[in-house]
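Below you'll find the structure, written out as structure tokens, and then a few comments.
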Amino acid sequence: MSTEENPAAAPRSLAEALRGRDDASLAALLRGRPDLITPVPTDLTQLATRAGTRASVVRALERLDRFTLQTAQALAVAPDPATYEELLGLMAGDDGDPAVSAALPHALATLREQALVWGGDDRLRLVRTARELLAPSPQHPSPTGLGPTVREAGAGMSPGRIQEILATAGLPSTHDSVSALDALAGLFEDPERMPALLDQAPSESVEVLERLVWGPPYGQVTADPAPRLRWLLDRGLLLPTAPGTVVLPREVALRLRAGRAHRTTEPVPPPVEAAAVHRPQMVDATAAGQAYTALATVEELLKDWHEGGPAVLRAGGLSVRDLKRTAVALDVPEPVAAFWVELAYAAGLLASDGEADERYAATPAYDEWLERPAGERWARLATAWLAATRTPGLVGERDAKDRTLSALGPGLDRSVAPEVRHRVLALLAGLPEGAAPNTGSLLARLRWERPPRAERAGGGASSPYARRTPAQPAEGARGAAARAGGSGAPGYPADGGSGTGGDEDLRSRLARWTLAEAEMLGVTGRGALSSHGRALIGAPPAPRHGDAETEPTGPGDKLPVHHRRTPPPPALSPAEQATAAAAAARLLEPLLPEPLDHVLLQADLTAVAPGPLERPLADTLGVLADVESKGGATVYRFTPASVRRALDAGRSAADLHAFLAAHSRTPVPQPLAYLIDDVARRHGHLRVGAASSYVRCDDDAVLNEILADRRAAGLGLRRLAPTVLAARTDPAALLEGLRAMGFAPAAESAEGDVLIARADAYRTPPRTPPEPVPDGPPVPDDTLLAAAIRAVRAGDLASTAPRKPVGGGAGAAPGELPRTTAADTLATLQAAVLTNDTVWIGYVNAEGAASQRVIAPIRVEGGFVTAYDHTADEVRTYPLHRITGVAELAD
């Protein structure tokens, strides 16, 4: 039986409304508002109290879509309680709107599910805290643009002035102010008498009303108002709220608005429009090319930091100079370089080494990552990007303390970033296959799903009323009318406008960054979601272009799939995300180019790699030659320095000739062979060791040449023997100096053996990837929800079970623990064991927290009672000395 048929069954509080819900409804509430379950409330009364706290209500309002939020705003200016018909009138207006009528039940059901509204359709009540946040006040005008009611605005007026207004408006006088204000409100709400009153108004007065009707409803007047304002004030169409300040009463505004609380309602989400449609094969191929580039860029970044990367700033992060150097090394703009650095960090491939002279370097996980197939390596990067709360787009901006935000530094975490990324990709998945979105329509859809802060509550610096409140000097009748009407100032953006709040700005920027980063990473291609990108987020197959897949949203109403009001899909669990990443890797792997085992040697001392090279080949060639250009084909150039680098790494001339012959599809050019032989012939002819350092050579003529060279002056050389020179510099500096002079020295050990200068990679100790900053408590899983609901219901049973009076008295007050002596407690529990009765006890745990429980005692012995605890739904043992008292339950 509904509450309309049985008014006595209507809940009297939110706690009673929650008590009437089934387990599925409570689970939906706790899933939508996970902060209510941390910690698990003891009973439904505590759950209702927690659901009404300001922080929890604000968080719940932030997660409503625009139309549902507009519904809550309309309830905040409706009578309390309101009927469904009154709410529908505020949303659809006097003329009605079929789209609003069709969508309102869903919005109201959402507010009920989130425990923001309770009561039947004949007594709808908005939670008190939500009403306080959304209802209009002089400090915080309502997002609807409505002001206070006649009763609220006229509460501070003198009785004589109220009777004067009644007489001027043509109403009979009353015996008190309350009935007078009721009569005036009845006039403004009357659909027949109100138009007649407005027909008598001068056109200038009507113009003032038109300027105030959509808000803000406040304006300023002088001590001697102009006739157009005096006419309105004398009839109560404008009421004074403070000296020099007037307000348009809510009843007047609603009559002028034809009953609508909002200028524009948006019951249907705006569609995400396609800017272009490409062939799916082209999208996948483009995305795969970007994915390969992403892998190559991350490898190049960490290879550049093989021997230890840039130093860590004292405050953390990369310096501006180091970021510029990294951007030059990667041949990308600085913001893009910041993205790749942050991506490697989020994937756990890059970290600081933690040493005294702290530097960034690759982690041991990087070596493991290199050994994986290309598809799996990309999936790890993409998964880390999806879940990361660090936002590279903020690099270079300033924080609240005016400090520059640096890459890898603190202050870059934004907890909403993963949600925005997932939602943007989900909206792309809803477009036809191969369709790239129109960015403006995508941002409009996101703003509808999560309205900016300016649309959720009134007031603040962005409110036009905040700029018009301070007293201003008198400017005559026209100036007063302009101030009262706003002089064409923009209205408060409560009617579905874009708003300018900082929250909206951040979400829009995150969405734009998501589109750009997804393209760089290869999740999208040509702006459209790729097949492996779709698998990455676990999205269903894409609708074909031109498909007429629809979903009814009301009687006779069908909308395309991208118009749907369905909520965003829940985030994937870690296991589901791992499965989705593996599926994405399998789809991407065939699209990536196969590594090549050969290059093309040319006579101009260059080698062309027509595609990606196998890792051993690429590593060896990277030592033997310098990269000259990148792109579809990489060009390597052989130089004396690069050949000497290979010889320093332990390779012989024969090894290099054999390597090039084995991996070149063209004959080894004669100039390249001569270059290798010439450098090898001179390599190691000079020997450098540590004395501080020395140079020895069997050919004393070479040493004479070195001593005669002016460039050797800074090395501090002196002859110790015909074949030995000593130097003041260390061996490394001596090696560099001699090589700059055109020689090819080799380092040697204390035993005289040639040292192989192999570039060993530097690694940090094992590091874990940075943990994302959670956006509030995590959503509980089904197991936790079931256990929590069972505990809450059991606790509610214990707190609401009828009890017999304790000790022949009146019994404990609600919420008060029973109090009995130790002897009475023991006797009552022993009797309950014999009769199999259920009793009510008060219990204080080891931490001193008191609670009340309903138990069925099983045995009492050794100072403990073992009982089935209905509150916890399990058998427990309690020390008798911690039981404050016991009472029998009523029949």
(request) For residues Arg414 and Thr389, determine if any side-chain heavy atom of one lies less than 4.5 Å from a side-chain heavy atom of the other. (result) no
(message) Could you check whether Ser179 and Asp182, counting side-chain N and O atoms only, form a donor-acceptor pair closer than 3.5 Å?
(response) no
(message) For Gly52, is there any backbone N or O sitting under 3.5 Å from a side-chain donor or acceptor partner on Thr129?
(response) yes
(message) Side chains of Leu75 and Val117, heavy atoms from C-beta outward: is any pair under 4.5 Å?
(response) yes
(message) Using 0.5 Å steps for rounding, measure from the CG atom of Leu44 to the CZ atom of Arg50.
(response) 11.5 Å
(request) For residues Leu536 and Gln577, determine if any side-chain heavy atom of one lies less than 4.5 Å from a side-chain heavy atom of the other. (result) yes
(request) Using a 4.5 Å cut-off on heavy atoms from C-beta on, say whether the side chain of Pro217 contacts that of Leu212. (result) no
(request) Taking all non-hydrogen atoms of both residues into account, name the closest pair between Thr391 and Ala417 and its distance. (result) OG1-CB, 4.1 Å
(message) Could you go through Leu36 and Leu29, starting from their C-alpha distance and side-chain angles, then the distance that decides it, and tell me whether this counts as side chain to side chain contact (heavy atoms under 4.5 Å, CB included)?
(response) CA-CA 9 Å; Leu36 301 182; Leu29 168 62; 4.0 Å; yes
(message) Working note: Asp65 + Thr68, criterion side-chain hydrogen bond (donor to acceptor under 3.5 Å, both in side chains); need CA distance, chi angles, decisive distance, verdict.
(response) CA-CA 5 Å; Asp65 62 56; Thr68 306; 2.9 Å; yes
(message) For Asp35, is there any backbone N or O sitting under 3.5 Å from a side-chain donor or acceptor partner on Thr38?
(response) no
(message) Testing the 3.5 Å rule here: is there a donor-acceptor pair between the side chains of Arg19 and Thr45?
(response) yes
(request) Check whether any side-chain N or O of Thr110 sits under 3.5 Å from a backbone N or O of His106 as a donor-acceptor pair, and report yes or no. (result) yes
(request) Return yes if some donor-acceptor pair links the side-chain N/O of Arg445 with the main-chain N/O of Pro269 below 3.5 Å, else return no. (result) no
(message) With no hydrogens and no angle check, just 3.5 Å: does a side-chain donor-acceptor pair link Ser56 and Arg33?
(response) yes
(request) Flag the pair Arg250 and Glu152 as a salt bridge only when some basic side-chain nitrogen lies within less than 4.0 angstrom of an acidic carboxylate oxygen. (result) yes
(request) Would you give the length of the straight line joining atom CG of Leu64 to atom CG of Leu111, rounded to the nearest 0.5 angstrom? (result) 6.0 Å
(request) Would you give the length of the straight line joining atom CD of Gln70 to atom CG of Leu134, rounded to the nearest 0.5 angstrom? (result) 12.0 Å
(message) Please check this pair: side chain of Arg131 against backbone of Ala76, looking for a donor-acceptor N/O pair closer than 3.5 Å.
(response) yes
(request) Could you tell me whether Asp94 and Arg255 have a side-chain N and a carboxylate O separated by less than 4.0 Å? (result) yes
(request) Looking only at non-hydrogen atoms, find the nearest pair between Ala17 and Trp118 and report the distance. (result) CB-CB, 3.9 Å
(request) Walk me through it: do Glu251 and Arg151 pass the test side chain to side chain contact (heavy atoms under 4.5 Å, CB included)? (result) CA-CA 10 Å; Glu251 293 86 348; Arg151 299 171 184 84; 3.8 Å; yes
(request) In plain terms, say whether Asp121 and Arg112 are close enough for a salt bridge, that is, a side-chain N and a carboxylate O under 4.0 Å apart. (result) yes
(request) Under the side chain to side chain contact (heavy atoms under 4.5 Å, CB included) rule, what do Leu26 and Val792 come out as? Steps first, then yes or no, please. (result) CA-CA 10 Å; Leu26 283 180; Val792 170; 5.6 Å; no
(message) Can you confirm whether more than 12 heavy atoms, excluding those of Arg21, are under 6.0 Å from its CZ atom?
(response) yes
(request) Calculate, to the nearest 0.5 Å, the distance between atoms CG and CE belonging to Leu256 and Met194 respectively. (result) 5.5 Å
(request) Check Pro778 against Pro34 and note the closest heavy-atom contact, atom names and distance. (result) O-CB, 3.4 Å
(message) Just verifying a value: how many Å separate Phe188 CZ and Leu254 CG, rounded to the nearest 0.5 Å?
(response) 12.5 Å
(message) Could you tell me if the side chain of Val213 sits less than 4.5 Å from the side chain of Arg257, heavy atoms only?
(response) yes
(request) Considering only NZ, NE, NH1 and NH2 on the basic side and carboxylate oxygens on the acidic side, decide whether Asp95 and Arg260 come within less than 4.0 Å. (result) no
(request) Using a 4.5 Å cut-off on heavy atoms from C-beta on, say whether the side chain of Arg793 contacts that of Asp23. (result) yes
(request) Quick one: closest heavy-atom pair of Pro136 and Val77, and the distance? (result) CD-CG1, 3.8 Å
(message) Quick test of your reading of the model: are Arg507 and Glu419 salt-bridged, counting only N-O distances below 4.0 Å?
(response) yes
(message) Restricting to non-hydrogen atoms, name the atom on Pro437 and the atom on Leu428 that form the minimum distance, rounded to 0.1 Å.
(response) CG-CD2, 3.1 Å
(message) Determine whether Thr241 and Tyr218 satisfy the following criterion, side chain to side chain contact (heavy atoms under 4.5 Å, CB included), listing intermediate values before the conclusion.
(response) CA-CA 9 Å; Thr241 58; Tyr218 294 90; 4.3 Å; yes
(request) For residues Arg876 and Arg853, determine if any side-chain heavy atom of one lies less than 4.5 Å from a side-chain heavy atom of the other. (result) yes
(message) Whether the side chain of Thr144 engages the backbone of Leu146 through a donor-acceptor N/O pair (distance < 3.5 Å, no angle test) should be reported.
(response) yes
(message) Contact between Arg450 and Glu62 at the side-chain level, heavy atoms closer than 4.5 Å - yes or no?
(response) no
(message) I'd like to know if the side chain of Thr71 and the backbone of Leu108 have a donor-acceptor N/O pair within less than 3.5 Å.
(response) no
(request) Taking all heavy atoms of Ala28 and all of Gln114, pick out the closest pair and write down the distance. (result) O-NE2, 4.5 Å
(message) Using 0.5 Å steps for rounding, measure from the CD atom of Glu266 to the CG atom of Leu69.
(response) 11.5 Å
